[in-house]
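Before any comments, here is the structure.
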Amino acid sequence: MMSNTNNLIFKGLHIVAWVIFVGLCIEAGGLIVNFFYSLYEPEFVQNLYQNLDLTEMYKQSKWAFFNVYSFLIVISILKAYLFYILLRLMHKMDLLKPFNMYVSRQISLMSYYTLSIGLLSYLGRQVAISLTHQGYVIDNLNHFWADSQAFIVMGAVLYIIATIFKKGVEIQNENDLTV
Amino acid sequence: MAIIVNLDVMMAKRKMSLNELSEKVNLSLSNLSILKTGKAKAIRFSTLEAICEALDCQPGELLEFSKD
């Protein structure tokens, strides 16, 4: 039986997850729309999502611009999808009987996506650093991959939790079939 | 599975239905069904004792080992 406090915390977390998910969808959508707009209207590059100005990079090398921008789009889409999986899990999960294959699979999925986000963010940051050495100015992009290490740690922790949860499901199934 | 549960055989010998056995051993019909259909992963000694008491038989008459 869940206490009222736990129920309240879970509902609060659900609302927070929804707010973050909507924000991430807006960010991903904004970046994607800006990307396609910049293909047909190059002058739009100076006024991208969140007032991002990548005019100098675009003028120096379109390849570098599209390369870096692709990283931003993929990372933002993955973040939005990660929170979608989380919301789906929170919506379907029964906290009184949490140990089932569905929850185990969702936690595993979340660990894979979190690790992917962390690794891609890290890779994006390394690409940005190498571009800086070639004379490109990209300080305004740092906040997009500042949290790469945090995502990698979170992914590793989630993977461990998923493994333990899978074992819990096995033990529960065996317990259910013990008469 | 290598362990075969001959519960239905013993129940037929003692002319006892699943409902009757369920009431005597204080086990739910679903759990007894799991045992009868061979889906059980484990059986508690207390359950085995109760079934043997109800069916007046030995554990060896209920459980059989078969090499697959």
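Below, chain A is the first sequence line, B the second, and so on; all start at residue 1. Given the structure is predicted, the values throughout are model-derived calculations rather than measurements.
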Which donor-acceptor pairs under 3.5 Å do side chains of residues 71-85 of chain A form with protein atoms, sequence neighbours excluded?
from	atom 1	to	atom 2	distance (Å)
A:Ser76	OG	A:Leu72	O	3.2
A:Ser76	OG	A:Ile73	O	2.8

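One finds the CD1 atom of B:Ile3 at 6.5 Å from the CG atom of B:Leu63 (value rounded to the nearest 0.5 Å). Expressed to the nearest 0.5 Å, how far CE of A:Met101 lies from CD of A:Gln106 amounts to 11.0 Å.
Linking Ile, Leu, Val, Met, Phe, Trp and Tyr whenever their side-chain heavy atoms come within less than 4.5 Å leaves A:Leu86 and A:Leu115 in two separate clusters.
Between A:Phe35 and A:Phe66, the ring-plane angle classifies as perpendicular under the 30° and 60° cut-offs.
Only the side chain of B:Ile34 comes within less than 4.5 Å of a heavy atom in chain A; its backbone stays farther off.
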Anything under 3.5 Å between chain A and chain B that's a donor-acceptor pair? List each one with its distance, please.
from	atom 1	to	atom 2	distance (Å)
A:Leu177	O	B:Lys41	N	2.8
A:Val179	N	B:Ala42	O	3.1
A:Val179	O	B:Arg44	N	2.9
A:Val179	O	B:Thr47	OG1	3.3

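With contacts defined as side-chain heavy-atom distances shorter than 4.5 Å, the pair A:Tyr102/A:Met93 does not qualify.
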